Each structure stands twice: as C-alpha cells, then as structure tokens.
Amino acid sequence: MLDKKGIAKRIAQELQHNWYVNLGIGIPTLIANYIPEGIDVEFQSENGILGMGPFPFEGEEDADMINAGKQTITPMPGASIFDSATSFAMIRGQHIQLTVLGAMEVADNGDIANWKIPGKMVKGMGGAMDLVASADNIIVAMMHTNKRGKSKLLRQCTLPLTGVRCVKKVVTNLAVLDITPQGFKLLERAPGVSVEEIQNATEGRLVVEGDIPEMQID
Amino acid sequence: MLDKKGIAKRIAQELQHNWYVNLGIGIPTLIANYIPEGIDVEFQSENGILGMGPFPFEGEEDADMINAGKQTITPMPGASIFDSATSFAMIRGQHIQLTVLGAMEVADNGDIANWKIPGKMVKGMGGAMDLVASADNIIVAMMHTNKRGKSKLLRQCTLPLTGVRCVKKVVTNLAVLDITPQGFKLLERAPGVSVEEIQNATEGRLVVEGDIPEMQID
Amino acid sequence: MNKLVANAKEATKDIESGMTLMLGGFGLCGIPENCIAALVDKGINNLTCISNNAGVDDFGLGLLLQKRQIKKMISSYVGENDEFERQMLSGELEVDLIPQGSLASRCQAGGAGIPAFFTPAGYGTEVAFGKEVRYFNGKPHILESALTADFAIVKAWKGDRYGNLIFKGTARNFNPLMAMAGKITIAEVEELVEPGELDPNFIHTPGIFIQRIFQGEKYEKRIEQRTVRQRLT
Amino acid sequence: MNKLVANAKEATKDIESGMTLMLGGFGLCGIPENCIAALVDKGINNLTCISNNAGVDDFGLGLLLQKRQIKKMISSYVGENDEFERQMLSGELEVDLIPQGSLASRCQAGGAGIPAFFTPAGYGTEVAFGKEVRYFNGKPHILESALTADFAIVKAWKGDRYGNLIFKGTARNFNPLMAMAGKITIAEVEELVEPGELDPNFIHTPGIFIQRIFQGEKYEKRIEQRTVRQRLT
C-alpha cells in the first residue's frame, strides 16, 4: 500500500518531456518533488504563473509571488506571469498536457466530484471545473477509500459533480486504473496489495485482465 | 461651404476634456490638428496604441510604430501599446468616448454604409463594423454629396451597410446634423450656405426648426 | 487625462449601499487594501462583491464581512474565513460560486463588450442549471454571461495619473480583468510615477480603463500561507 | 523546454499544401518575413491564410499571392495589393472578410477554448448572414465562432528557447492572439535571448503557446506609409 508520497511518486512516472503540468492542492503538489531525471516539465499555477519553482528560502518570501494554494513560491528562470484570464486560456485551450487533482469520488465513466458536500460548508470549486472540463489528460490522485473505509471509486458519484466523463486515470494508495468504456481498468497494484483487496475496495465496475503487475517505485 | 479642413475644425469643437477618441482614415485624421485649447484628449488607433502622437521627424520613422492607416507615428508620453483584441475590447466595451469616421452614405435612421461598392474591388471593413456597432457617440465626417452631385444623406442606404442605427451626428461641408427619430435634424449651416441649399442636397428626411445658426469656425 | 485623487476616501466617495463592486486579488495577494479600509469606514452595506475570494477573518474582504456590509459574494473559492462560513450557513449571506476561469473570462467579457460566450467549464454540474447547453466539435459547452460592476477596485504596483498600471508578480491575477469591467474603475498603487516613466510597451492596464488613481497610504501585504525551504548549510 | 529550431526552413518543414495558416502582423508591421520567404521557397499551395491584411504586391503575403499559393484569405482589410485584386475579381482567390475586432477576438477565443461568443459587430450587415442573432440589454448581437489554424506563424522582437516572447511597439497587433490559436505555433524573433533574460513580469506571450522558435536571418521591416513632419528650424 502506498502513502501519499508514494502516490505522488507513481504519478511522477507519467510525466513526459516538455510537458506543461497543472498540479492541484494536496497530493498532486508533492509530484513536483519526484520529477524523473532527464524529464523537463514546467508547472502552471492557475492564479497566473508558468514556470513555478520551489518555495523561497526563509526570509525571501514575497507576498506578490504565490501559487493557487496561496503558498509563497519562487519563479524558475524562464517563468512568465499573466492575468487569470490568460491562465485559463492555457487551461481551456488545452495548452496544458497534464492536470493532476484530488477527488472525493470518481465514477467508472470518468465523472468526478471534488468540491461540495451537501449540508457542509462549501468552499467553492476554484479552478477545478475549468480544469476538468478542458484537460485532455486528467489524472486523479487520491486514497482508494475514504476515512470510513468506503470506496471512492464508484459506479456513480453521489456528491455534486465537478465534471462529467473527464477523468482518464486514477492513481490511489492501492492501484493505478484507467477509465475505459467498461469501467475502471486495473493496470497496476501497489506493492503488497492483491487484486482481491482492490476489488473489495472498488465499488464501480472493475476490469481485471490477465496478470496485474506491481508498481515499480523506489 | 467648408473644405475638408473646415469639417475637421468643426468636429474638433465637439471634443471634450479627458475623452478617448478614435479617428478614422481621411477627414477624421485631420481633427487631431485642431484640438481646442485646454482640452486634453487621447487618440486610440485600433491596431493597438493609445496616446498616439504626431508623425516622427524625418529619419526617425520606426517600422514598428504605425497607426491603423499604416502611417508612421510617434507615441505621446503616457502612451500604451496592446494587442488588437485589447484594442477592440476598448472599442466594443465602450471605453472610447468618440468615434469619427467617413462614410459613403448615411441614412436618416443612423444607418451607415462605408465599406463596399458592389461590383468594385472590396478592400474590407477593417475595424469600421466593430467601431460603429459599439460606439455610443459616432460622428460621420463627409462631403454632403458625392462626386456626381448626388446626396449622401439618404432616406435609406443603397450600398451594403456597415452598421445599423448607429450614427449620432453628421458633419459635412454644408451642415451639422443630428440623427433623430424624425430624421436629420439641421443644427448648423456652413458659412455662406443657405437652408435651401442644404434641403436640396439632402435626400433623407430633414428637420428644420426655427433659425439655423451659421457654424462658428476660425 | 489627470485621474489622480487624494486618497481612498476620495476615490470611494460615491460608492453607495446596494452597489455591485468588483475587487481584484487572489487570496490576500494583490487586494486593494486601502479602498477596502475606506469602505469599512464608510459603513455602507448591502454590497454585492465580485471577488475570487472573500479574504480571511481579519483581513481583506473579511473586514467587510465582519461588519455585515456584504449582502452577496460572487466568488470561486471562499474557504479560510470562519465569519463567512457562519453568515453563509445562517443564510445571512448570499453566495454565488463560479468556476475560476469562468469568473475571469466573464469579467474580461464584461469589459470587452462581449455579452456572452460558451465555455466547457461546469457542464453537467449545478453551475450549468438554467444555462443554455450547446455542442461544439462534439463537446458540450454552457453559455456564460458577462459581468460588470458599478465600481471595480484594483490594486497595482505602479501607476501614473493617466491610469496606466503595471502589476507585480502574481498580484496581477484578476486585477487587469476587473479594471476593464467597472463602470468606474479605481486603481490604488504602491507607487505613483510620472506619465512617460512606464514603458508604453510594458503596460499591463492601459489608462483608458481607469477613472481614478491614488497611491495607497500603506500596504500590509499579508501572506496567507508562508511556505519556505531550508537552506542547505 | 527547448523549442529552438535552426531557421525558417526547419520551422516550416511540415507545413503542407491545403493547410490553414494564421500569420501575425498588421499591414507590413510585425509580419513573419522569414517564414513567408520559406513558404514561397517550399512552393506549397492551396493555403488558407488568416491574416488581418494581405501584404503588398511584392512583400508580405503578396509574395505568396504572386505565386498563387493562397486559395483563400480570411482578413479584415485587403487593399494595397493589385495582384490580390486581380485574383479576387477573377475568382481565383476566395476571400472571407471579417470585422477586425471580430477577427482578433475569434483568434483569441480559438486559443482560449471559447468556441463561440456574441458581438455587436456586423449586426444588420452581410457579415451577419446565416449567423444567430440575440439581444442583450436590448442590443442585437451576432454569434461568432472561434478560429484556429494548423500552424500559426508570429514574429516577435525578442524571445527565448522556452518560447517566451516580447513584441516591439505596434508590431504586437495580432501576433500574441494568433500565437495562442495555432495547433503548432512558430515564432520568429529578431533577437534570441537566454531563458531568464526576459523579465517574467513583462512577457507578452508565455512560452506555453509556442512550439518552435528561431532567430530570423534578416528583417527588412518595410514601411508602408512613410509619414513624417518637418523639423522647426
């Protein structure tokens, strides 16, 4: 079974050279720490920066240089800054090659719910709806089950949707799965996790074909 | 009767302090030479500059600094440069207080035709359709009749339209006229021009109420 | 073209209760601190505020929320604010949540004379309720309308009295978009410069969009999430 | 993020007959001279060219027109070109004339994933034929669709190998908009600089929109209307 770092490491393996990438808050943010050698990617933050770099050294924080999580950051050499409409032009116009975000629920048709729990305080969708409606390549990074042990990979989402039929791949603490017309297709098992455990933790349709390899993570 | 300079001088009297103004090619361009004292205006050129100044001194022409007529110009202190979408955001979003352009025909309901003569080479509308569809305050600067002596102030335009019900005022070599629901309302006569001459040269409905003063032009 | 006013008080003098305001900023980054303080002092209320976020409890729009001056928020994300949560859950505060990109584009459209446009964002979600759906290239889109405001209030780094503005870093965010969409737009700047000092080629907001400008008295520029890394020693 | 190619020939190597191209520039100002020359050399034809203007007889897109390489022009203004006139009147050349602001916004929309928007420009004219009309605030608007291209070709002043660009003066015009709307966008620049040399705060076109970049061999930068004033002596 993977921890959050492990999920981030596994998704980092999906990165391809010269990709522009938008990472959501939470697990996705960790991916920036595990970029494979020889792979050159640039991170976009939807408040308006491309070429987002690491956190500043202590004492060098700049209130005018933050990411979409409102964290102080630094720009990389070659970075560019722009207004929020241009930022979402990049997103909506499909100039970003990969979007990774968290979710509360994913359905086996690619629907995603990650912004609202009825009856609870609603913080808002931020840029998530624009991101999921636009991106060609969306990976969801999340735990396979919620805190009460209930599957987050469902036949149908129960929470208000963020987007429909948009998720392409899900990486959880248990598995890597593609969204296919037949449902979640199991591609890889987390180290030490059996197919049966994944089946038990998946409420949506699960396609298991042949031998399912174990993820290769250092 | 006014010459082209005179028309420009008369329209210059319409300028108000702190207005942003877009001047079309031809007579309108001349208006910049007659800005009344104490009146501060800024000229926009739709290819992408605000704060357009005079032509450069000989030898100082810059191929990268032109107006919408493709003429070499200079920027005034405080000028700004932007892309063509931002330029038309200014126009469409009604941030420009006055648009002056030429016309082939104006109808007494405010319709204007100034871009196309069927059967002849069509050069295109450029920014004219955006300008007339958007501006709240459009003045047409033109001769009252065409080269064959035919009125250009009509009951209905005969040429393909550039915009509908948009012109607010017409200044010609003979008269100043407002567009009203009743047609062209005669406001002023050019020096030495009689009401009758204006009536004879106007095919569209012409409203003449009371004494019509002569324009005051130096 | 002199748009200079003395201070935030003069700039906001005719903002009245019940009006719709746009306020630039993302989180606490690039918010018009001085104008917000002036609005708190004025004590007007029933405001509709269009702003990506709603500040924190004791800063930014949170200051207006504390004094119940806001009737309705139009935002994309409103976490980080307990008073906001209380007012929202109790029904005192109306909240209209909009996808962030749609919010940005709707402000830009409002300033650009584009009354409506199609976007894929929000299709199939509650954001699409009551909105026209149309397919383009086989993909569903919803029709979103432009946003405008009685006053837009933005904060820039430098500006001149013509209203030309430049922003610093990611404090740009919604500011240039909202600057276009106000019937009257107020710009507060950290540093007022002479016309001609800003290079015409690198002005972020041309002065035509600005009606009033002043240099803010002081800027706290509070950091919401101070994240740092360790120096290797 | 190295998008550097050797020259115009390499940058345009996979542009084929029958493709749709966007070309930046207004008149002869800010046009991609080196790429146009390369397209003439390639001898491909049946091109659809989206460009505000069509050059003059012996420069700019006029060079492609002379060799009958263009099947269709999508422009707002096409005067100043006798060969263009001849081909258009003889029916050899298709011409789609679009209001200049709609052309700019349609390119921007194409790059921004906005498939269609309403604009007042052209309502009641032949530009509106066949287009949906809708009233907003009592004013009629027509629905215009986004434009995209197989290749967009733009010309900038300075750029780095990441594709970040800055433009000089009014040579900016359509270039940043078309840069967003190409499936592949080629940028030719007067001066190639190292990443980091351009201030992130003042980049006109972020590199994400650019797929190939090179420094042009030479620039004639011809002036179409040389207008000057006399020095007072």
Side-chain angles (χ1 to χ4, degrees), chain B residues 45-49 52 54-75 79 81-92 94 111-113 115-116 119-134 160-166, chain D residues 26-30 52-54 75-80 84-85 88-89 95 97-105 107-109 119-127 139-142 157 167-177 204 219-231:
Chain B
S45 194
E46 64 266 28
N47 54 320
I49 180 170
M52 184 173 35
F55 295 149
F57 291 118
E58 188 148 6
E60 295 180 0
E61 311 92 309
D62 179 355
D64 292 328
M65 190 58 71
I66 65 168
N67 65 16
K70 284 111 183 175
Q71 298 171 313
T72 45
I73 53 151
T74 57
I81 286 157
F82 31 85
D83 64 57
S84 300
T86 303
S87 183
F88 281 91
M90 296 175 186
I91 290 167
R92 252 193 265 99
Q94 306 196 321
D111 287 359
I112 177 173
W115 77 285
K116 184 176 184 177
K120 289 211 182 174
M121 168 63 186
V122 179
K123 296 194 169 187
M125 68 291 282
M129 284 194 185
D130 310 272
L131 281 159
V132 301
S134 309
L161 294 183
T162 308
V164 297
R165 298 169 190 277
C166 52
Chain D
F26 178 90
L28 301 180
C29 180
N52 189 60
N53 312 90
S75 304
S76 88
Y77 190 83
V78 292
E80 276 90 76
F84 184 99
E85 181 164 351
M88 180 171 163
L89 292 176
V95 180
L97 292 169
I98 294 178
Q100 191 178 335
S102 297
L103 180 62
S105 294
C107 293
Q108 190 180 45
T119 175
Y123 168 77
T125 76
E126 63 186 58
V127 163
K139 191 174 164 176
H141 292 73
I142 61 176
W157 180 25
F167 303 93
K168 184 160 160 277
T170 58
R172 195 179 322 177
N173 56 62
F174 285 84
N175 281 301
L177 311 169
H204 294 131
Y219 286 96
E220 177 178 339
K221 296 174 70 165
R222 194 186 293 187
I223 291 176
E224 207 163 334
Q225 303 281 344
R226 189 177 301 271
T227 46
V228 296
R229 69 186 142 143
Q230 296 306 310
R231 269 174 219 280

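Just so we're on the same page: letters track the sequence lines, and every chain starts at 1. Only a predicted model underlies this, so the values are computations on that prediction, with no experimental measurement involved.
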Heavy-atom cut-off 4.5 Å, strictly under: side chain, backbone, both or neither for [X] against chain B?
X	value
Phe167(D)	neither
Asn53(D)	side chain
Ile98(D)	backbone
Glu85(D)	both

Which region of [X], side chain (C-beta onward) or backbone (N, CA, C, O), has a non-hydrogen atom less than 4.5 Å from a non-hydrogen atom of chain D, or is it both or neither?
X	answer
Asn67(B)	backbone
Glu46(B)	both
Ala68(B)	both
Val122(B)	both
Ile91(B)	neither
Phe55(B)	both
Thr86(B)	neither

With a 4.5 Å limit on heavy-atom distance, are the side chains of [X] and [Y] in contact?
X	Y	answer
Asn52(D)	Gln100(D)	yes
Arg92(B)	Pro120(D)	yes
Lys116(B)	Leu97(D)	no

Using modelled atom types only, decide if a donor and an acceptor are shared between the side chain of [X] and the backbone of [Y] within a distance under 3.5 Å.
X	Y	value
Ser134(B)	Gln94(B)	no
Thr72(B)	Arg226(D)	no
Asp83(B)	Phe174(D)	no

Can you tell me which of [options] forms the most heavy-atom pairs within a distance under 4.5 Å of chain D?
options	answer
Val164(B), Asn47(B), Ile49(B)	Asn47(B)
Ala113(B), Pro56(B), Gly48(B)	Pro56(B)
Leu161(B), Ile81(B), Asp64(B)	Asp64(B)
Ser45(B), Pro75(B), Ala133(B), Gly126(B)	Gly126(B)
Ala128(B), Gly124(B), Ser87(B), Gly59(B)	Gly124(B)

Problem - Top contributor to chain B interface from Arg172(D), Arg229(D), Glu126(D), His204(D) [non-hydrogen pairs under 4.5 Å] - result: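 Result: the option with the highest number of such pairs is Arg229(D).
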
Problem - Residue selection (most heavy-atom pairs with chain B, distance under 4.5 Å) from Gln108(D), Gln225(D), Arg222(D), Met88(D) - result: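 Counting heavy-atom pairs under 4.5 Å, the top option is Gln225(D).
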
Exercise for the section: With side-chain contact (heavy atoms from CB on, under 4.5 Å) as the test, would you mind laying out the steps for Thr119(D) and Ile142(D) before giving the verdict? Expected result: CA-CA 6 Å; Thr119(D) 175; Ile142(D) 61 176; 4.2 Å; yes

Exercise for the section: For Thr170(D) and Phe26(D), run side-chain contact (heavy atoms from CB on, under 4.5 Å): C-alpha distance rounded to whole Å, both residues' side-chain angles, the deciding distance at 0.1 Å, then the answer. Expected result: CA-CA 8 Å; Thr170(D) 58; Phe26(D) 178 90; over 6 Å; no

Problem - Atom CD of Glu60(B) with >12 non-hydrogen neighbours under 6.0 angstrom - result: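 Enclosed: over 12 neighbouring heavy atoms sit under 6.0 Å from CD of Glu60(B).
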
Practice task
Assess whether atom CD of Glu220(D) is packed by more than 12 heavy atoms of other residues, nucleotides or ligands within 6.0 Å.
Solution key: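 Yes, enclosed.
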
Practice task
For side-chain contact (heavy atoms from CB on, under 4.5 Å), just list the numbers for Met129(B) and Ser102(D), CA-CA rounded to whole Å, side-chain angles, deciding distance to a tenth of an Å, and then say yes or no.
Solution key: CA-CA 9 Å; Met129(B) 284 194 185; Ser102(D) 297; over 6 Å; no

